[in-house]
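For reference, the structure is listed below as structure tokens.
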Amino acid sequence: MGNLRRTHYCGELRAEHVGQRVVVCGWVHRRRDHGGVVFVDLRDRTGLGQVVFKPDASPEAHARADVIRSEYVLVVCGVLERRADDAINPNLPTGEVELIADELRIVNFATPPPFPLEDDAPVEESTRMRYRAHDLRRAVMQRRLELRHRLHQSLRAACVEDGFLEIETPILTRATPEGARDFLVPSRLHPGSFFALPQSPQIIKQLLMVAGYDRYFQIARCFRDEDLRADRQLEFSQLDLEMSFVGVEDVLEVLEEITARAFREVLDVELARPFPRLSYDESMARYGTDRPDTRIELEIVDLTDAVADCEFKVFSGAVKSGGLVRALPVPKADEVSRGELDRLVALAQEWGAKGLAWIRVADDGSWQSPIAKFLSDDEREAIASRANLEPGHLIFFMADRESVVCDVLARLRSELGHRLGRVADRPWEPLFVLDFPVFTQDDDGKITYMHMPFVAPREEDIGRIRSHPLEIRSTHYDLVMNGIELGSGSLRNHRSDLQLEIFEVLGYAEASARERFGFLLDALDSGAPPHGGFAFGLDRLALLMAGGESLRDVIAFPKTQRAQDLFMQAPGQVDPDQLRDLGLRLRRKPDPAQDPGDS
RNA sequence: GCGGCGGUAGUUCAAUUGGUUAGAGCACCGGCCUGUCACGCCGGAAGUUGAGGGUUCGAGUCCCUUCCGCCGCGCCA
């Protein structure tokens, strides 16, 4: 490009620059060659600007413009002119002006793009992934990544201004026995030993609190070697934060302030404050999930005692065996046809329900239902009043173990809410969920932690940890928005005696607890202050704000569902020498389908 | 690991019941064009129908195996 340097970005040319001599740099978005005059839409990350090559302005530039093709890289010099009134393009921010080129430097040629770079062009995602550099040139992707940039800056500024120190923590760390599968990195200097990539910096940030750093934050990369979903990648980013000498309210205040600020600075949206709060029990009872989308105007009702003794054995039997009966009433459900009812029942069965009973209240108030005949007048009356049944209503019943009832009704609520358009016209609905249990039971009935083993119980429950572990409540909190869990955290156990008691309930004798977490327990004993914090899922927050389909829309270079990078073609095989250095030998031949780009 | 959907030209799609030489738009290449902005007009090239096997006189189409992509289950806070 010689000594020419950009004076303006393409997308920022305006009428106020008319008459100036400008230099723009960018990619050829489109060329319109009229023989005598050639128009080029030049693109950079700010947008498009029109460049005009006219023989009378510069015969050389016009002649050279003949070879220009899509995605060629140009540096163009000329005088900016106002367009004639009938040539103004109202669809472009730069549509009032155009650059009359007198010097053209083609600084690179380009192969034809593999697909159109328009926002609305339908392109298969695998093609986008293989040609990610082209995909990322599309304005929609540049907008999303810029939004994410602004999100990161907003969060970082909020933390810094609130007195938090940004401290990096190791990427090469130690495998943990709990939680997700670790990514392992073999150690060359210690053959047979492995580092692990962090699933989160949880313990290490607690050590920072022990060390007196008082307030820490980091935009931390985390790694979990589990199967991918639309909302789950192998590596992801968290705003990780921890503070000392605080209680739950102090942390929630920071969390709310940071979130509200991010929405203000990134989207120009003022979130209603304070954020509403919901207990875990209430959330499960009303919505069947601990991350409800409260915009959906349907709520679950409990009917366990109303039908405990009814003749319908599915209900009474479930109650007798310790389960419960809950229902989802749907007002004004006339549009749900009988065929759709059958499909919903089948859907519920896919979700794990044994069946899904329903009652439709006809216009004359009579009940149409396969199960109505098993219900006494008293039971009907109880159901109707509990669910506020009126003509036109439909109500779905689940009778099973609590976990199944909640799960199926929660999914049904979401499905019907969206299908019937029962979603309130409120774009952003943040919500804190509080008062989670510390412990829960796994499928075998064994007691396990609900979130992680370091969560502190509420102070008033500490005396009952051993005696009533499943009843005690934790200091854990979730931030939920529109049905998505954005972040969560808790106060941590800062006394080793309390932490050991919790390990004991989890089934670790002190010796084995010390073996696994000795460095943490020792650190607590060295003078740990009370502390707590949270971690914010940045990828999901960016996706929510940017409005894409999957995390791949807000990550520059994501992995496919089969955990490959089609652009870098990773993972790949390595040189045998590298394996030898690490003291490793392959037990299995490498996967022959090792060429992810060749489909 | 399992279930569902998909894979045809660079790209987005079509191709009757298994039936002639697998078509179209855009992109691409060549030509023409001085006011376009999805420019226009004329012409052209472009295919291992993801891969392998099978059935058949004949397979894009049917069967089997396999690879890749997406969504979900399991898994995972």
Side-chain angles (χ1 to χ4, degrees), chain A residues 29-42 48-57 62 66 69-71 81 83-92 94-95 98 100 110-131 134 178-182 199-200 202 222-234 236 238 290-291 347 350-352 407 411 436 440 443 449-452 455 476 478 480 484-490 534-537 540 549-550 552 559-564 566 591-599:
Chain A
H29 192 65
R30 191 171 280 116
R31 180 185 72 132
R32 293 176 294 279
D33 184 348
H34 288 239
V37 60
V38 178
F39 300 95
V40 165
D41 292 335
L42 200 64
L48 298 178
Q50 175 161 283
V51 179
V52 189
F53 296 93
K54 292 199 279 198
D56 45 349
H62 176 260
D66 190 49
R69 294 293 180 274
S70 287
E71 300 307 305
E81 291 190 0
R83 296 196 197 182
D85 286 346
D86 60 353
I88 287 174
N89 184 348
N91 301 318
L92 281 182
T94 59
E98 60 190 8
I100 310 301
T111 51
F115 50 82
L117 302 186
E118 312 298 326
D119 279 0
D120 48 5
V123 185
E124 219 165 87
E125 198 174 5
S126 58
T127 308
R128 288 176 48 202
M129 286 304 156
R130 188 159 6 155
Y131 303 100
H134 283 99
E178 266 75 33
R181 194 175 294 114
D182 286 308
Q199 297 183 20
S200 81
Q202 179 58 38
C222 307
F223 305 86
R224 290 173 192 164
D225 188 7
E226 297 292 346
D227 288 358
L228 294 84
R229 292 285 186 280
D231 62 350
R232 256 163 46 194
Q233 282 273 315
L234 299 180
F236 56 98
Q238 291 185 338
D290 59 3
R291 47 178 181 85
L347 204 53
E350 278 176 41
W351 294 334
D407 185 48
R411 292 181 192 226
F436 287 83
T440 182
D443 293 336
Y449 52 83
M450 186 161 228
H451 296 97
M452 57 158 191
V455 174
H476 183 97
D478 273 356
V480 175
I484 296 167
E485 185 201 309
L486 285 181
S488 65
S490 67
F534 62 83
F536 222 115
R540 287 182 188 179
E549 295 289 311
S550 89
R552 296 182 296 278
K559 306 287 185 285
T560 67
Q561 192 173 44
R562 291 263 303 151
Q564 292 179 314
L566 296 185
D591 191 347
Q594 195 49 260
D595 193 1
D598 201 38
S599 50

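The figures that follow rest on heavy atoms only: side chains count, while hydrogens, waters and symmetry mates do not. A quick note: this is a predicted structure, and the numbers were derived from the prediction, not measured.
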Just by protein heavy atoms under 4.0 Å, how would nucleotides 40-45 of chain B read 5' to 3' in B, S and -? ------
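- In this structure, the separation between CG on A:Leu117 and NE2 on A:His134 is 6.5 Å, given to the nearest 0.5 Å.
- Along RNA chain B, the nucleotide nearest A:Asn89 and the nucleotide nearest A:Gly35 are compared for position; the residue whose nucleotide lies closer to the 5' end is A:Gly35.
- The C1' atoms of B:U21 and B:G6 are separated by 29 Å, rounded to the nearest whole Å.
- Evaluation of A:Phe115 against the base of B:U11 yields no stacking contact (centre distance < 5.5 Å, interplanar angle < 30° required).
- You'll find the side chain of A:Leu228 reaches within 4.5 Å of the side chain of A:Gln233, heavy atoms only.
- No engagement by A:Val38 is indicated, since no non-hydrogen atom pair under 4.0 Å with the nucleic acid exists.
- Taking the C1' atoms as reference points, B:C26 lies 16 Å from B:A45, given to the whole Å.
- If you check distances only, the side chain of A:Arg224 never reaches the base of B:C76 with a donor-acceptor pair under 3.5 Å.
- Within a 6.0 Å sphere centred on CZ of A:Arg128, heavy atoms belonging to other residues, nucleotides or ligands number more than 12.
- B:G74 and B:U17: their C1' atoms are spaced 41 Å apart (whole Å).
- Every residue was checked against the ring-ring contact (aromatic ring centres under 6.0 Å, His included) condition with A:Phe223, not counting sequence neighbours, and none meets it.
- Checked against B:A77, B:G35, B:U11, the side chain of A:Ser488 finds its nearest nucleotide in B:A77.
- Here CD of A:Glu485 is found 10.5 Å from CG of A:Asp231. Values are rounded to the nearest 0.5 Å.
- Using cut-offs of 30° and 60° on the angle between ring planes, the pair A:His476 and A:His451 is parallel.
- Taking atom P on both nucleotides, B:C29 is separated from B:C39 by 15 Å, rounded to a whole Å.
- Remark: ring of A:His34 does not overlap the six-membered base ring of B:U36 in a stacked fashion, as centroids less than 5.5 Å apart with planes less than 30° apart are not both met.
- Nearer to the 5' terminus of RNA chain B, by closest-nucleotide assignment, is the contact made by A:Thr127 (compared with the other of A:Thr127 and A:Gln50).
- If you take CZ of A:Arg562 and P of B:U66, they are 13 Å apart, rounded to a whole angstrom.
- Heavy atoms of A:Glu124 sit under 4.0 angstrom from primed sugar atoms or phosphate atoms, though from no base atom.
- For the P atom pair drawn from B:U16 and B:G69, the interatomic distance equals 29 Å after rounding to whole Å.
- Look at CG on A:Leu42: it is 14 Å from C1' on B:C37, rounded to the nearest Å.
- The CD atom of A:Glu98 sits 11.0 Å away from atom CG of A:Asn89, with the distance rounded to the nearest 0.5 Å.
- At the phosphate of B:G69, OP1 or OP2 sits under 4.0 Å from a side-chain N or O atom of A:Gln564.
- Set against B:U12, B:G30, B:U34, the side chain of A:Pro55 has B:U34 as its closest nucleotide.
- Rounded to whole Å, the P atom of B:U61 lies 14 Å from the corresponding atom of B:A15.
- With B:C28, B:U36, B:U11 as the candidates, the nucleotide lying closest to the side chain of A:Glu98 is B:U36.
- The pairing partner recorded for B:G72 is B:C2, the criterion being a Watson-Crick or G-U wobble arrangement whose two distances lie under 3.5 angstrom.
- If you check B:A77, B:G10, B:C73 against the side chain of A:Arg411, the one that comes closest is B:C73.
- The CG atom of A:Asp227 sits 13 Å away from the P atom of B:G69 (whole-angstrom rounding).
- Contacts of A:Arg83 with the nucleic acid, taken as non-hydrogen atoms under 4.0 Å apart, include base atoms.
- Summarising the base pairing, B:U36 is matched to no nucleotide, lacking a Watson-Crick or G-U wobble pair whose two defining distances lie under 3.5 Å.
- Residue A:Glu226 has its side chain nearest to B:C76 when only B:G69, B:C39, B:C76 are considered.
- When the P atom of B:U36 is taken as reference, atom NE2 of A:His29 falls 19 Å away, rounded to whole Å.
- Of the candidate nucleotides B:C71, B:A77, B:C75, B:A77 has the atom lying nearest to any side-chain atom of A:Glu485.
- With a cut-off of 3.5 Å on both Watson-Crick or G-U wobble distances, the partner of B:U16 is given as none.
- Look at CD on A:Gln233: it is 13 Å from C1' on B:C70, rounded to the nearest Å.
- Candidate nucleotides B:C76, B:U12, B:A38 were compared by shortest atom distance to the side chain of A:Val123, and B:U12 ranks first.
- Distance noted for atom P between B:C64 and B:G25: 37 Å (whole Å).
- Residue contacts shown for A:Arg229 include a base, since a base heavy atom lies under 4.0 Å away.
- Residue contacts shown for A:Met129 are absent, as no nucleic acid heavy atom lies under 4.0 Å away.
- In summary, A:Arg552 and A:Glu125 engage in a salt bridge, as defined by a charged side-chain N under 4.0 Å from a carboxylate O.
- Backbone-only engagement by A:Gly179 is indicated by non-hydrogen atom pairs under 4.0 Å involving sugar-phosphate atoms exclusively.
- Separation of the C1' atoms belonging to B:C28 and B:U11 is 11 Å when rounded to the nearest angstrom.
- Considering A:Arg30, A:Arg31, A:Arg32, A:His29 as possible partners of A:Asp41, the one that fulfils the side-chain hydrogen bond (donor to acceptor under 3.5 Å, both in side chains) test is A:Arg32.
- Residue contacts for A:Arg552: at a heavy-atom cut-off of 4.0 Å it reaches the sugar-phosphate backbone alone, with no base atom in range.
- As rounded to whole Å, 20 Å separates atom P of B:G10 from atom CZ of A:Arg69.
- With B:U36, B:U11, B:C28 as the candidates, the nucleotide lying closest to the side chain of A:Ala87 is B:U36.
- Here B:C26 sits opposite B:G10 as a Watson-Crick or G-U wobble pair (both hydrogen-bonding atom distances under 3.5 Å).
- A:Gln561 has its CD atom 10 Å from the P atom of B:C73, to the nearest Å.
- Among the nucleotides B:U34, B:G69, B:U11, the one closest to the side chain of A:Thr560 is B:G69.
- Across all strands, A:Arg32 comes closer than 4.0 Å to base atoms (heavy-atom distances).
- The side chain of A:Val37 has B:G35 as its nearest neighbour among B:C73, B:G35, B:C76.
- Using a 4.0 Å heavy-atom criterion, one finds that A:Gln238 contacts no nucleic acid atom at all.
- Put simply, CD on A:Gln199 is 6 Å from P on B:A77, counting in whole angstrom units.
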